[in-house]
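Side chains included, hydrogens not; waters and symmetry mates left out as well; all remaining heavy atoms used. The structure displayed is predicted, hence computed values, not measured ones.
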Amino acid sequence: MAVVVTGKNGQDVVLLNPSEKSLKYTLELRHKKALTNLGKPKRDKDGKQIKLTEKQLAYRAGYLGRQKDTNNAFKSKHPRYKRKTQNR
């Protein structure tokens, strides 16, 4: 669950856990446009939605790939592991 933290200057910052961050990156990769941590489109000064650059897209794809590799490694080390909570 996302956590809202108030910084020193009084501005609220939304922090995401890893599963929420991966969901955000998945949506950004699919649409190739930036989103806020609350899921709303990021806008520039003119009000247009911000498009992601090739480097930003590559970073997000790498983050999701790393998460998938980590998950596969855990599953190979613990083949009989069962989740104690339900999948989404």
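- Distance check, rounded to the nearest 0.5 Å: OG1 of T70 to NZ of K75 gives 12.5 Å.
- None of D69, N71, L64 except one satisfies the side chain to side chain contact (heavy atoms under 4.5 Å, CB included) rule with Q67; the exception is L64.
- How far CG of L35 is from NZ of K40: 12.0 Å, rounded to the nearest 0.5 Å.
- Of all the heavy atoms in K24 and T36, the pair that sits closest is CE-O, 3.8 Å.
- Under the 3.5 Å distance criterion, the side-chain polar atoms of E20 are matched with a main-chain donor or acceptor of A2.
- Linking ILVMFWY side-chain heavy atoms closer than 4.5 Å, directly or via other members, places L52 and Y25 in a single hydrophobic cluster.
- The main-chain N or O of D46 is found under 3.5 Å from a side-chain atom of D44 such that the two form a donor-acceptor pair.
- Of the inter-residue distances, the one linking H78 atom NE2 with R80 atom CZ reads 11.0 Å to the nearest 0.5 angstrom.
- The heavy-atom pair separating P41 from Q49 by the smallest distance is CB-NE2, 3.3 Å.
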Report all side-chain donor-acceptor pairs from residues 7-16 shorter than 3.5 Å, counting only partners two or more places apart or in another chain.
from, atom 1, to, atom 2, distance (Å)
N9, OD1, Q11, N, 3.1
D12, OD1, T6, OG1, 3.0

Atom pairs and distances, side-chain donor-acceptor, residues 53-60, under 3.5 Å, sequence neighbours left out:
from, atom 1, to, atom 2, distance (Å)
T53, OG1, Q56, N, 3.3
T53, OG1, Q56, OE1, 3.4
Q56, OE1, T53, N, 2.8
R60, NE, E28, OE1, 2.4
R60, NH1, Q56, O, 3.2
R60, NH2, E28, OE1, 3.4

